[in-house]
Amino acid sequence: MKRIFAILFAALLICTGCTAQTPSGAASLEESSVSSVSSVSSSAPEVFDQPPENREELPFEQMKYVQPDLDETIAQYENFARRVRNAKSSGEVMAVWKEEAQLCKDYYNMYTLSNVLFSLDTTNEENAANYQYMQDFIAKLKPAAVSLTRSILQSPYRSQIGDIVGAHVLDAMEIDTKNYSEEQLELELQENQLTTQYTQLLSQATVYETQEHTFTTSDMYYYIYAGSREDRQFAARLLEDYYRDLNQQCGEIYTQLVALRTQRAEISGFDNYLDYYYFNRSYRGYGREEIENFRAWVKEYIVPVYLQLKNDASARLGHPLNLFEYTAPLPEQTRVSYLESITSASKLVDIAVGILQDLSPETREMIDYMTRNNLYDLTSSPNKATGAFTTYFYGWQEPYVLSNNDDAGTYIHEMGHALNFFRTGDLMVLEQDLQGSDISEIHSQTLELLASPWLDRIYTDAGAAEKSNVFEMFITILSATMVDEFQHKVYENPDMSTEQLNALYAQLELEYFGEIDNLGLSYLDNGLDWVDIHHLFESPMYYIEYALTAVVALDFWQDSKEDWDDAFRSYIQFIDIPNDVNLSDSLTLAGLDNLFEKSTIEALSQNLSSYFSGNSFTE
């Protein structure tokens, strides 16, 4: 999918001149669901505070990394577990658990800070070492953390504890402990090392470098599109060499990751990683069957709408669509260009900040707080981690946004994540933060679309830009579904070579997007560019959630066309749904359509077809 956004960005440059992160692998931050909608409404007030009103502001530059001692922390967890086993009441158990929560918030502050500092400059050896230490710290701490979890679950006061934190929270913890064994620790450590290696490799890879400038893939696509014949040929050769080498290096890392994840699944008694993954997420309200049905419906209903638009554009232009055109087949997209006054990335950041200040009181409060405290770094720079992400300092109750994309849509997208984090109250215990990316991406994608009335501050034709943004959300559904099918096939056949992975990716692109004229770039024809998708390496199976949440975001956007104020109020209410509610129950509470019903996807396809044909949405 990165290829798509790189090409879109290159096209935008021609006309004018980016995930939420939480620490992975920690027992205390696994995702969960509620057993029923009614349990949410009854338990939420006891579990979650209102959005914090008087948090202590801590500017980013005052955050100091202090490395926690692993042996000391393990000893603290052993003491916690012993005290829980000897507890004489549910109150004693909860007192211990709250102590652990504060400790957890403290070391997760250090994890998050090490991650941000590393991502800001992946060449800084000290920051890289600190981030690797914290990844390993979390993994090595897990046996002691799981021991504490089991002590809580086996407590004779479990029923009373469930009344306090939510019985569904304890159920989620139990699923996590069932699948964990100390045999997995070494595999997890190896996985951490490989993902860090991939991040460094991708962020430090260059297509072409001179004394004055480092050229990116987006630069090369610009020259291929608009350069002279000699520039096009030179850029093509550079890209071919770049992706040939990158594909081999990243392919080797990925095949090792697949093998490690498969081994972890087998140790836990599963046939493959897919079964292991979906068992661990069985409390999300849907599973493998629902995802496979969703993919089938996207192919049945959404893909044909795209292919018809693509064929119409091809007929209009008089030639097959090339790599710059297949993601932009609407006539309006030729009019999407930045205002002449936008002369730098920093100017774009200022405009995005201004939009958030004017969009609503809620977004103004959030962006003003983050600006005062330097809690975002948005413009692109060398050696910065690729893409964009939003993370959260649990102990300090502050979000942080990092982006290496000079794109206003990416900025606003990430600030949707930040808005949810900003409005999250202080948690009694971190196990209550069960919000999955299948919900958090709704926060971000919806804010992108709800910002449509302010697009005239960025683009020369705001109406065309809005239609283009909706189309990009449409493309996201296709791309994310395609990448999910790629991952499913990979983990069903974990011994695939890099060459087989390339062939699979090329075949799936053909199925979802049809024939594309790649202008002679053989690495695209042969599917070598899948290595750009960092989620495959760092967050397996995450990608489908971009498709799920795009469907919901489009639902909110459709409502906004009838009454923007009412749609935004509903959006804030959705953001404020307690973090322990799963996707299906959240949609029910918000009165939104069920993603896992065929009729929802069929209706969306009809709505998209009507909208892009110049008609209004159907009911």
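- Counting only distance, with no hydrogens or angles, the side chain of Ser539 and the backbone of His535 share no donor-acceptor pair below 3.5 Å.
- Here the side chain of Glu466 pairs no donor or acceptor atom with the backbone of Ser452 at under 3.5 angstrom.
- Note: Trp530 and Phe537 have parallel aromatic rings, judged against thresholds of 30 and 60 degrees for the angle between ring planes.
- Looking at heavy atoms from C-beta onward, Glu509 lies out of side-chain contact with Ile516 at the 4.5 angstrom threshold.
- With Tyr571 as the partner, the side-chain contact (heavy atoms from CB on, under 4.5 Å) test is satisfied by one option alone out of Ile442, Asp559, Leu447: Leu447.
- Using a 4.0 Å cut-off between charged side-chain N and carboxylate O, Lys299 and Glu511 make a salt bridge.
- A donor atom on one side chain and an acceptor atom on the other are found under 3.5 Å apart for Tyr394 and Asp433.
- Rounded to the nearest 0.5 Å, atoms OG1 (Thr410) and CE (Met415) are 11.5 Å apart.
- Scanning both residues, Tyr301 and Ile601, for their nearest heavy atoms gives CB-O, 4.2 Å.
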>> Go through it in stages, so that I can follow the logic: the residues are Leu449 and Val470, the test is side chain to side chain contact (heavy atoms under 4.5 Å, CB included), and I'd like the CA-CA distance, side-chain angles, deciding distance and then a yes or no.
In response: CA-CA 7 Å; Leu449 295 179; Val470 173; 4.3 Å; yes
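- Side-chain atoms of Lys384 never come within 3.5 Å of backbone atoms of Ser203 as a donor-acceptor pair (strictly under, hydrogens ignored).
- The shortest distance between side-chain heavy atoms of Glu538 and Thr199 falls below 4.5 Å.
- Between Ile439 and Val581, the shortest heavy-atom contact is CD1-O, 3.2 Å.
- Atom CG of residue Leu604 and atom OG of residue Ser599 lie 11.5 Å apart, to the nearest 0.5 angstrom.
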>> Apply salt bridge (Lys or Arg N to Asp or Glu O under 4.0 Å) to residues Asp350 and Lys347 and explain how you reach the verdict.
In response: CA-CA 5 Å; Asp350 292 341; Lys347 178 66 174 177; 5.8 Å; no
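- Checking each of Tyr512, Phe513, Phe471 against Tyr326 for a ring-ring contact (aromatic ring centres under 6.0 Å, His included) leaves exactly one that passes, namely Phe513.
- Between Asn607 and Ser610, the side chains place no donor N or O within less than 3.5 Å of an acceptor N or O (distance only, hydrogens not considered).
- Counting heavy atoms from C-beta on, the side chains of Pro540 and Gln487 come closer than 4.5 Å.
- In this structure, a donor-acceptor pair under 3.5 Å is absent between the side chains of Gln432 and Asn579.
- Taking both residues in full, the closest heavy atoms of Val336 and Ser468 are given as CG2-CB, 3.9 Å, listed atom of the first, atom of the second, then distance.
- Using modelled atom types, no side-chain atom of Ser609 and backbone atom of Gln606 make a donor-acceptor pair closer than 3.5 Å.
- Side-chain contact check for Glu398 versus Phe60: every heavy-atom pair is 4.5 Å or farther apart.
- Here the OG atom belonging to Ser360 is positioned 11.5 Å from the CD1 atom belonging to Ile367, to the nearest 0.5 angstrom.
- Using a 4.5 Å cut-off on side-chain heavy atoms (C-beta onward), Leu359 and Arg364 make no contact.
- Ring geometry for Phe474 versus Tyr306: interplanar angle over 60°, hence perpendicular rather than tilted (30 to 60°).
- With hydrogens and angles ignored, the 3.5 Å screen pairs no side-chain donor or acceptor of Lys489 with any backbone N or O of Tyr505.
- The two residues Leu548 and Leu595 come nearest to each other via the heavy atoms O-CD2, 3.4 Å.
- At least one side-chain heavy atom of Glu325 sits less than 4.5 Å from a side-chain heavy atom of His319.
- Distance alone, capped at 3.5 Å, places no donor-acceptor pair between the Glu485 side chain and the Met482 backbone.
- Summarising the geometry of Ala408 relative to Ile458, their closest heavy-atom pair is CB-CD1, 3.7 Å, with the distance given to 0.1 Å.
- Remark: side-chain polar atoms of Thr600 are not paired, donor with acceptor, to backbone N or O of Phe596 under 3.5 angstrom.
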> Can Gln573 and Ser570 be said to form a side chain to side chain donor-acceptor pair (under 3.5 Å), step by step?
Replying inline: CA-CA 5 Å; Gln573 290 169 0; Ser570 296; 4.6 Å; no
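- Looking at heavy atoms from C-beta onward, Phe422 lies in side-chain contact with Arg55 at the 4.5 angstrom threshold.
- Summarising the geometry, atom CG belonging to Leu120 is positioned 5.0 Å from atom CG belonging to Asp377; distances are rounded to the nearest 0.5 Å.
- Smallest separation of non-hydrogen atoms from Ala550 and Thr476: CB-CG2, 4.5 Å.
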> Can you list the steps and then say if Phe574 with Phe556 is a side chain to side chain contact (heavy atoms under 4.5 Å, CB included)?
Replying inline: CA-CA 10 Å; Phe574 185 85; Phe556 272 114; 3.9 Å; yes
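- Using the six-membered ring where Trp is involved, His413 and Tyr546 have ring planes that are tilted, between 30° and 60° apart.
- Counted within 6.0 Å of CD on Glu602, heavy atoms from surrounding residues, nucleotides or ligands total more than 12; the atom is thus considered enclosed.
- A donor-acceptor pair is defined here as one N or O able to donate and one able to accept, closer than 3.5 Å; no such pair exists between the side chain of Arg423 and the backbone of Met366.
- The aromatic rings of Phe393 and Trp396 sit tilted, their planes meeting at an angle between 30° and 60°.
- A donor atom on one side chain and an acceptor atom on the other are not found under 3.5 Å apart for Tyr278 and Glu290.
- Checked against a 6.0 Å centroid threshold, the rings of Tyr392 and Tyr400 do not count as neighbours.
- For Asp219 (side chain) and Thr216 (main-chain N/O), a donor-acceptor pair under 3.5 Å exists by modelled atom type.
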> So Ser560 and Phe568, side chain to side chain contact (heavy atoms under 4.5 Å, CB included) or not? Walk me through it.
Replying inline: CA-CA 7 Å; Ser560 78; Phe568 191 82; over 6 Å; no
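- Here the NZ-OH distance, from Lys467 to Tyr611, works out to 5.5 Å after rounding to the nearest 0.5 Å.
- With values rounded to the nearest 0.5 angstrom, Tyr411 atom OH is found 8.0 Å from Asn405 atom CG.
- The backbone N or O of Thr549 lies less than 3.5 Å from no partner atom in the side chain of Asp438, so there is not a single donor-acceptor pair.
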